[in-house]
Each structure stands twice: as C-alpha cells, then as structure tokens.
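Worksheet: the structure to be examined is printed underneath.
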Protein chains: 2
Amino acid sequence: MPQSDGVLVLPVVGIGEVVPGTDLARLIAGAVAPAVPDQPALLAGDVVVVTQKIVSKAEGKLVPVDHADAGAKLALVEQESVRILRRRGDLVITETRHGFVCANAGVDLSNVADGTAALLPEDPDRSARAIRAGLRNALGVDVGVIVSDTFGRAWRRGVTDVAIGCAGVAAVLDLKGTNDAGGRELVATEICVADEIASAAELVMGKDRGIPVAIVRGVPPAWFRPASVRAEIIRPPDEDLFR
Amino acid sequence: MPQSDGVLVLPVVGIGEVVPGTDLARLIAGAVAPAVPDQPALLAGDVVVVTQKIVSKAEGKLVPVDHADAGAKLALVEQESVRILRRRGDLVITETRHGFVCANAGVDLSNVADGTAALLPEDPDRSARAIRAGLRNALGVDVGVIVSDTFGRAWRRGVTDVAIGCAGVAAVLDLKGTNDAGGRELVATEICVADEIASAAELVMGKDRGIPVAIVRGVPPAWFRPASVRAEIIRPPDEDLFR
C-alpha cells in the first residue's frame, strides 16, 4: 500500500434544520458545493460521515415520548429490541433488530424536540447508499458514506462513534495474506476501518457542537468498494462470546 | 467550544529500528524535528500516537516463544492474565493485570523477531508520560501522547486501535452539565476521546505499512490536561456488566 500523505477530518458547518422528508444528500451537497465559501468542496475519494440523528430525523423515525416518564422510555426501548442482554438501574443493554448491541436500543432523546425520541434508521446501510447516490447525482463525485452513532463498550468507560451503515467504503478491511514489516503473515487481519473513520469524524463533530456531518479525506483508494455494516461488522450471535 | 478547523492525521515516517533500551522520545524527536525534510514538525498542541509494539520493544518487554507451539503461547497468555473470560479454539479473551480485556492478554507475535513475543508495557500511562517529557526536553513543545494497541470488541467484527496509555491529553472527556444544540442536558456525556484519537491515527499507520507513530493535529485545546487511561477508561469489574 502506498505511503499515506495523511488524513484530514473536516467538519461540515451550515447544515440546516433536518425534518422528516428532508433530502439529506441535497442538504449536504448544498453545504459542500464548490461555490460555498469557507467550506471544503467535496472531492472524489472523500468519506462523508453523517450522524444517525439527522438520518433518523430525515427518515421520519421520530416517535412521541415523555422524556420524564421512565416507564414509557423503557417500553420504547423494549419495542426496538429483539433481546435484552443486561439491565442495571436505568441502563438497558439490548440487541436491536439490526443486530447492534447498545444501550437503550439506540433510542435517542438528545438533540431532538422535547416530547420526541429518535429511533435508529430502518436500514442504515440503505440510508448510506441513498446519500452516496444523491451526492453523486448532485455533485458528480464518488464518495464513501458512513452513518455513525455513539455506542458504549464492554470493559471500557466512555462512548465512541462507530459505523451503523456504510456505502462505497469498506466496513472491515481484510488483510489476510498480507505480511508484516518482517515478512510474517499478519494474525489480526480484519480491521474495522469504518468504525475508525467514524471515531475520527467525531473528533470534529462533538456532541456539544452540534455538527452532524464531517468529511474524512485521504483514506487509501483501495478501501473504496461496495460495502455493508450489516454484512461485515455485525457479529452473529453464534459467533459471539458475550451475548 | 470553538468551531474546529479540522483535524489532521499525519504518519511519521523514518522511525528506525527499536530495540530494548531505545530512547523512544529521542527517536521520535529526531524524526519530527523542524529540520527534517518532507516531514511535519511537531507543534505544541499535537497529540503523538505511538503503537504499543515499539513501546514494548523499547522497554524490553520481549520474551522468547516458539511461534509454532500453541501450548507455549497459551502458557504465556495465562501468565500475563489475571482472569480468563472466554475461550474458543485458539482465541482466549482475558483480563490483563492492567485491567484491559482483550485477546491473548495483548501478547503480540507480529512485527517482532521470530521466536519472540512482545508483552504489553508494564504501565502504559507511565510510558506515555516518559515520551511526553522526552519530547518536551528535546523539542521544547508540549504535546499529548497516547500509546495505542489493537483490540477486538464484543458484538462487532474487526479490530480497532484504542488507547492503553496517555499523558497530557484527556482519556475520557466529561461533558456533564453541557447542553445539546436544543438546550437539553446531554445524556451520554463521557466521550472516550483517547480511543477516538487512537483510531484516527490507525488510519495512517496500517498494520501492513509498519508506521508506528502518527501525529494528530487540531484537537481542541481544552482536551489537554493531566490524564490516565488506567484511571479514566478501565472499567472496574464491579461496574462492568460483561465480565
């Protein structure tokens, strides 16, 4: 693989209000079109990272819920889950119908209107493909798209951003058959580059800054290919040691 | 928090051979000194990410092991562990004495000489502090330092890079008391920025490219403070739902 010249992570500012029915690709294209001052133009080979929250809003995955009613919130979480893994106090770790294991089935109460919760997109890979196709139509550039969300982890404190959907850029990069610098075959060969890109994007988004889109520029051209979080990242229960 | 102008992730090339006793700070400083052509000079406010492998090598954490002897490798993993969480075939998930939960207790057989394994550093936070102090002495700049390693995760396929030690830059950023864009208090407030920075760095390192050091430039100034992976990221067993 050629020497990388570096990766640049750029926040996309000026993304306006997103409501059910908003055409996200068009909204993003408007913000990163070459004519927009003080903003990077989108280039072929960029990866566009879009947070789950605006994807869910655009897709109308909003439901009414009383933020102060713990019972109603729990019922919503259970409705969005196929399996409850653990409970402790207010914290419920569940498996969603997509196969994601996360807190509260990904039900999101922040950065949405009071009395409303945002559910995960129906099919985040499909959401990513639609944004990718829309950006190509609007701007004529081929980019990768990742839909990101914020998940906790077992064993480690703090949350990080991960990919819940992707299009046009690898979710897991398989280096099997590749050698290390000493010529020995690599052992840990499956790198989840989509999660790493989502984490890199979060560095410029920030939950308190409210930037829902970032551009990650400079990842190797070989990473661009048809891809899917569901097919590549979701670990089936029978392969999983912690469910 | 002020608007970010973007984060730049730069590979540091030209890091030479690391052997027990190598002064890593001096080696890195030599590679990123202002006089080195075609290489970025290190700036105050950068985060320097250093892979565990060269830290372990420099600290002499190398032990002889026959790479073809599964029994010997397993004995080494057990010796490095305080608790075995799961076993399946060759895969052993253990808790190290540092409190990390990972495959094979972090024992590393790739990119080391045949007949040798690299163990985790004794105290990766201390390793990070030493590199940070050495870079300040050599170059007069205050930087954050993260020692990174490659871990698998429950529920998700593929490995990502995470922080196992840090100095001068937050491990977990606590946004408690901060509001979202709509003025509601944030719920998921503890962001593991050190893991996100480690993941961003991996995008330019690559296991097949053999680049052991990267610079992450442009993270918010507020993130720079005394910090520790052990104190901030390691989740104590009694707080953990998956052990």
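Lettering follows sequence order; numbering is per chain, from 1. No experiment lies behind these values; they were computed from the predicted model shown.
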Can you tell which of B/Arg87, B/Arg217, B/Arg86, B/Glu95 has the highest number of heavy-atom pairs within less than 4.5 Å of chain A?
B/Arg86

Heavy-atom pairs under 4.5 Å with chain A - which of B/Ile93, B/Val219, B/Thr160 has more of them than the others?
B/Thr160

Do A/Leu91 and B/Leu241 come close enough that some side-chain heavy atom pair is under 4.5 Å?
yes

Relative to chain B, which of A/Val172, A/Asp108, A/Asp240 shows the most heavy atom pairs under 4.5 Å?
A/Asp240

Test item: B/Trp223 and A/Leu203 side chains (from C-beta on) under 4.5 Å apart, heavy atoms
yes

Let me confirm one number: the CD1-CD distance from B/Ile197 to A/Glu202, rounded to the nearest 0.5 Å.
10.5 Å

Do B/Arg153 and A/Asp195 have side-chain heavy atoms sitting under 4.5 Å apart?
yes

Give, as side chain, backbone, both or neither, the part of A/Val101 having an atom under 4.5 angstrom from any heavy atom of chain B.
both

Closest heavy-atom pair and its distance - B/Ser199, A/Ser199
CB-CB, 3.9 Å

Is there a donor-acceptor pair closer than 3.5 Å between any side-chain N or O of A/Glu196 and the backbone N or O of B/Asp161?
yes

Given a strict heavy-atom distance threshold of 4.5 Å, which part of A/Ile234 is in contact with chain B: side chain, backbone, both, or neither?
backbone

Just so I understand: if I count every heavy-atom pair under 4.5 Å between each of A/Gly158, A/Cys192, A/Pro237, A/Ala200 and chain B, which residue has the most?
A/Cys192

Below 4.5 Å, heavy atoms only, C-beta onward: do B/Phe242 and A/Leu85 meet side chain to side chain?
yes

Can any side-chain N or O of B/Arg235 pair as donor or acceptor with the backbone N or O of A/Arg156 at less than 3.5 Å?
yes

Most contact-rich option vs chain B, by heavy-atom pairs under 4.5 angstrom, among A/Ala201, A/Ala214, A/Gly152, A/Ala154, is A/Ala154

Options A/Val216, A/Val162, A/Val193, ranked by heavy-atom pairs under 4.5 Å with chain B, top entry:
A/Val162

Separation between CD of A/Glu232 and CZ of B/Arg157, rounded to the nearest 0.5 Å
9.0 Å

